[in-house]
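As the structure lists them, so they are numbered: ligands from 1, and atoms in each ligand from 1.
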Amino acid sequence: MNKKINAAVFPVAGLGSRFLPATKATPKEMLPIVDKPLIQYAVEEAVEAGIKKMIFVTGRNKRAIEDHFDSAYELEAELALKEKHDLLAIAHSVAPKGVDFVYVRQSTALGLGHAILCAKPALSDEPFAVLLVDDLIKSSKGAVQQLIMATDGSDRPIIGLEKIQPYQTRAYGVISIRESMGQYVIASDLVEKPKAEDAPSNLGVVGRYILPYEIFDVIEQLPSGSGGEIQLTDALAVLARRDGVIGVLLEGRRFDCGSKLGFAQANIEYGLEHPEIGENLKSYLKKLIV
Ligand code: UTP
């Protein structure tokens, strides 16, 4: 039976420097893919997986995220007055009923491992999901749901994986494979951003995880890793070397929306499927290419 996961952590305190100047005053997570901010895609994925508690690890300049999941009294009153019921329903659907939103701060961006540690006071002693919002995964089955389906009796971490090319290893955590069964693997180690010739496999870690509460003990004992930051990969490596980490080769297509190219590609692909603009965008692109 799949384990029930009750809470998801969204580390959104990073600086988003690859996306300047857009991210100078606006959170990267609020950049829209067509008409929906990236953060909302991630929250919807967690809700679809049955998760009811969303914990955001925020930092300076991130207030727009809190406002997005709050009610917008003036806007809603105005839409109701003008009887724009469709738009009102869209505004209401952003924060689904029965879902709690919790905010904790990471005052200095000391790395992903440290950001997750900041969420500890908001969690109880059970496994939780982590979603990196700039990894947008387009799939008929949500990525977090795919990880939940891989839960077994153990408390081993579960991580999302994708096949990568040698030129991409410097941008990924890469696993060592102990066992492999179809789309599932057991990782015996992880290294952060290796050179192509040092990469132990062609499987890179993507931004979806189910972590045991025990990860906090491991993170707390870690020395600073690459770039002086506290890296989640280093904590996962400790658990991988001890008991193994479960990896799931995710179905679907991932867009790295923290990069300009990935962001533009996602806007095109989601735009082509959008009921309002899809057809027009398709004919526009056809003309552009001719
Ligand atoms: P990234 O390094 O991809 O994001 O971290 P970034 O720092 O925002 O972007 P660049 O590299 O400067 O362009 C992966 C995820 O971890 C979060 C980020 O918000 C992002 O979702 N993160 C990273 C934190 O919350 N805190 C940190 O200290 C570091």
*Heavy-atom closest pair, residues Val191 and Pro200*: CG2-CD, 3.6 Å

*Is there any N or O on Leu110 that sits under 3.5 Å from an N or O of ligand 1?*
yes

*Determine whether the side chain, the backbone, both or neither of Gln106 has a heavy atom under 4.0 Å from any heavy atom of ligand 1.*
side chain

*Provide, to 0.1 Å, the distance between atom 25 (O) of ligand 1 and the closest protein heavy atom, together with that atom's residue and name.*
Ala13 N, 2.9 Å

_Any Gly111 heavy atom less than 4.0 Å to ligand 1_ = yes

*What protein heavy atom sits nearest atom 12 (O) of ligand 1, and how far away is it?*
Ser17 OG, 2.6 Å

*What's the verdict on salt bridge (Lys or Arg N to Asp or Glu O under 4.0 Å) for Lys28 and Asp134, showing C-alpha distance, side-chain angles and the deciding distance?*
CA-CA 8 Å; Lys28 161 172 84 172; Asp134 43 12; 2.5 Å; yes

*Please check if a non-hydrogen protein atom sits closer than 4.0 Å to atom 5 (O) of ligand 1.*
no

*asked:* Checking Glu192 against Tyr172: is there a side-chain donor and acceptor pair closer than 3.5 Å?
replied: no

_Identified side-chain contact (heavy atoms from CB on, under 4.5 Å) counterpart of Met30 within the set Ile65, Val12, Thr23_ = Ile65

*asked:* Counting neighbours of CG on Asp86 that are heavy atoms of other residues, nucleotides or ligands and sit closer than 6.0 Å, is the number greater than 12?
replied: no

*Is Leu15 near ligand 1, meaning one of its heavy atoms is under 4.0 Å from it?*
yes

*Name the closest protein heavy atom to atom 3 (O) of ligand 1, giving the residue it belongs to and the distance to 0.1 Å.*
Arg18 NH2, 3.2 Å

*Proximal ligand 1 atoms for Ala109, defined as those under 4.0 Å from one of its heavy atoms*: 28 (O)

*Please name the pair of heavy atoms, one in Lys195 and one in Thr169, separated by the smallest distance, quoted to 0.1 Å.*
C-OG1, 3.5 Å

_Neighbour count >12 (heavy atoms, 6.0 Å) for atom CD, Glu74_ = no

*Could you pull out, from Asp135, Thr58, Ile230, Leu132, the option with a heavy atom nearest to atom 15 (C) of ligand 1?*
Leu132

*For Ala115, the ligand 1 atoms whose distance to one of its heavy atoms is below 4.0 Å*: 24 (C), 25 (O), 26 (N)

*Side chain or backbone of Pro11 under 4.0 Å from ligand 1, or both, or neither, by non-hydrogen atoms?*
both

*asked:* Using a 4.0 Å heavy-atom cut-off, which part of Val57 comes near ligand 1: side chain, backbone, both, or neither?
replied: neither

Can you give each donor-acceptor pair under 3.5 Å made by side-chain atoms of residues 116-133, sequence neighbours left out, with the distance rounded to 0.1 Å?
residue, atom, partner, partner atom, Å
Lys120, NZ, Glu220, OE2, 3.1
Glu126, OE2, Asn6, ND2, 3.0

*Verify the distance criterion only: is there a donor paired with an acceptor across the side chains of Glu44 and Gln40 at less than 3.5 Å?*
yes

*Side chain, backbone, both or neither: the part of Lys28 lying under 4.0 Å from ligand 1 by heavy atom*: side chain

*Just need the protein heavy atom nearest to atom 16 (O) of ligand 1, so name the residue and atom and give the distance.*
Leu112 CD1, 3.6 Å

*asked:* Check contact between Glu29 and ligand 1, using heavy atoms of the residue and a distance below 4.0 angstrom.
replied: yes

*Under 30°, 30 to 60°, or over 60°: which ring-plane class applies to Phe56 and Phe10, parallel, tilted or perpendicular?*
parallel

_Looking only at protein heavy atoms, which one is nearest to atom 22 (N) of ligand 1, and what is the separation?_
Gly14 N, 3.8 Å

Show me the donor-acceptor pairs within less than 3.5 Å that the side chains of residues 94-106 make with the rest of the protein, sequence neighbours left out.
residue, atom, partner, partner atom, Å
Gln106, NE2, Thr108, O, 3.4
Gln106, NE2, Gly111, O, 3.4
Gln106, NE2, His114, ND1, 2.8

